[in-house]
Amino acid sequence: MRDGEQTPGVSLTPDEKLEIASQLSNLGVDTIEAGFPITSPGEIQAVKLIAGAGLKSEICALARAEQKDIDLALGCNVDLIHIFIATSDIHLKHKLRMTRDEAFDRAVKAVQYAKDRGAQVEFSAEDATRSDPDYLIKVFQGVSDAGADRVDIPDTVGVMAPVPIFDLVSRVKKSISTPISMHCHDDFGLATANTLSGVLAGAERVHVAVNGLGERAGNASLEEVVMSIHNLYQKKTNINTRLLYETSRLVSRLTGVVVQPNKAIVGENAFGHESGIHVHGIINMPITYEPLEPELVGRTRWIQAGKHAGIHGIKAQMEQLGLSPTEVQLREILTRVKDLGDKGKTLTDTDLDSIARSVLGKVAEKRLLELEDMSVMTGINSTPTASVKLSMDGNTYVAAETGVGSVDSAIKAIQKISERLASIRLKEYRLEAITGGTDALGEVVIKVEDKEGNTASARSSSGDIVIASVEAMIEGINRILMKRKLTESVIGPRPKVRLANP
Ligand code: MN
């Protein structure tokens, strides 16, 4: 949580930090670095709040190798203090303006000081991977003699590759008996690989961040490291992997940092399939193109219709829609899907449904959720406000919300109701003008998601972008409700397989 919150532009309130910490504790994280108390009064409050919340995880606070930092951390009643000082000549010369001997003394005294006050201590040699290894080991020996419970090898600026970091960790491991932690940054996209390499060389602990958040390109991502340790190394951690996805979404929502779609494990596309060959494969046997069972990380598999689609995928999607076209109808649906794909269209679930229904000559199912009324007020000196009235199963629901603009306030008002009724939230929103002029048709494509990770997409166009947005949102919510009613997974269970040997 500490390095993760150091992501540029991210800052959390004490309550938000507590919400994330509780989730991490449920997830099974061994130690939560709750914060860096010297940073701000709010940070002190947050660390105290988390340390006092009775979570299962051990709670840690960061401190420089200085008395005032350590005193502040101790005052927060944490279980563990993470003390750091830089050991590379680059940092000693340009930042700390200290000699190696001075830094050594400072490190040993700081650890001693915290140990004398009864705290557990993890010591980090900042910029360890650009430090002289002999000096680094000397520092680790010094702090171990002073009672440090663990030492950490941070690749602070992410400059290591898997082989050199394996060698470095092996060397440290031979020289000290204190348990070793890894702390890798992703500047070259190698944070996860380097962390795993450190583990192979004997490191017992890993510093990670949900969604790979952190300074610059971020830290090793929790979900990638955990799933790799479990599946590629066949080793256990205390993490309940089924909570990985909801944890990722919570962190993304509270930090405002969107997860890239092609991110491993938690990215939108990690369990999505479009290509006909792949879809055919997973329908027959998921392990053909899925190295991981999506349910293992709290997700569900989804199929995208588009120009790469094949007959088997479309057939499966029809079953999900509760439709059973003949072979000839199925071919016609596929042709129309590919046609739209070739025109560069992203096919939404609504598009697929309406294509299928027009081929089958069926009328659309009655919507479960209906928009009864909506009004939006906006202006220069007034806060955009929307109120909506929706109905479902004969009941009427009304909600009002404010937002940064009229679309935002209207969507938020709908979401207020859909979250309460069915835990459905907006996941993606895209707006395009499809003709010129102020009367241009605005086309909105949205994706919504429920608590179980079911997603649905929908599209709507109108001369008024607020109307288009609201209609697309209502359509998307209806899609998910419909899917929930119909979904008996068309895909069977999968056998357990070993992926690789460590
Ligand atoms: Mn860091």
Side-chain angles (χ1 to χ4, degrees), residues 1-12 17 20-21 24 29-40 43 46-47 59-66 69 73 78 80-88 90-92 94-96 103 107 110 121-131 136 139-140 143 148 150-162 164-165 168-169 172 180-199 203 205-226 251 255 257:
M1 279 186 72
R2 192 273 312 165
D3 210 328
E5 201 189 351
Q6 283 175 222
T7 302
V10 168
S11 78
L12 300 163
K17 291 190 70 153
I20 294 176
L24 293 178
V29 165
D30 300 297
T31 308
I32 297 172
E33 188 166 72
F36 191 6
I38 195 82
T39 317
S40 74
E43 186 80 344
V47 176
I59 307 300
C60 162
L62 184 69
R64 289 172 301 181
E66 291 184 23
D69 284 36
V78 291
L80 177 91
I81 299 183
H82 177 194
I83 298 175
F84 74 98
I85 193 165
T87 50
S88 69
I90 299 170
H91 278 230
L92 289 174
H94 299 290
K95 188 184 77 176
L96 297 175
V121 173
E122 175 155 338
F123 173 82
S124 272
E126 192 188 10
D127 208 17
T129 51
R130 290 192 299 178
S131 304
L136 177 70
V139 174
F140 281 157
V143 296
R150 319 166 187 164
V151 294
D152 171 46
I153 303 178
D155 186 20
T156 303
V157 289
V159 290
M160 287 307 254
I165 205 152
L168 177 67
V169 177
V172 173
I180 296 171
S181 304
M182 297 306 300
H183 180 111
C184 298
H185 277 272
D186 209 30
D187 296 73
F188 289 90
L190 291 172
T192 296
N194 288 339
T195 304
L196 293 172
S197 194
V199 169
R205 285 182 171 261
V206 293
H207 291 192
V208 290
V210 172
N211 297 342
L213 292 179
E215 299 265 14
R216 305 182 312 282
N219 287 79
S221 111
L222 182 147
E223 53 282 355
E224 291 175 12
V225 171
V226 167
V251 169
T255 58
V257 180

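Whatever order the structure lists ligands and atoms in, that order sets their numbers, starting from 1. The model shown is predicted, which means the values in this text are computed figures rather than measured ones.
In terms of the side chain to side chain donor-acceptor pair (under 3.5 Å) criterion, D186 has no residue partners (sequence neighbours excluded). Legend: residues meeting salt bridge (charged side-chain N to carboxylate O under 4.0 Å, His left out) with D127, ordered by chain and number and at least two apart, are R130. For the ring pair (Phe, Tyr, Trp, His ring centres under 6.0 Å) test, residues two or more places apart in sequence or in another chain that qualify with H207 are H82, H183.
Side-chain contact between L190 and C184 is absent, with no heavy atoms from C-beta onward closer than 4.5 Å.
Nearby protein atoms of type N, O or S around the Mn ion (ligand 1) amount to 3 (distance under 2.8 Å).
S88 places no side-chain N or O within donor-acceptor distance of the main-chain N or O of S131, the cut-off being under 3.5 Å. In this structure, E43 contributes its side chain and F36 its backbone to a donor-acceptor pair below 3.5 Å.
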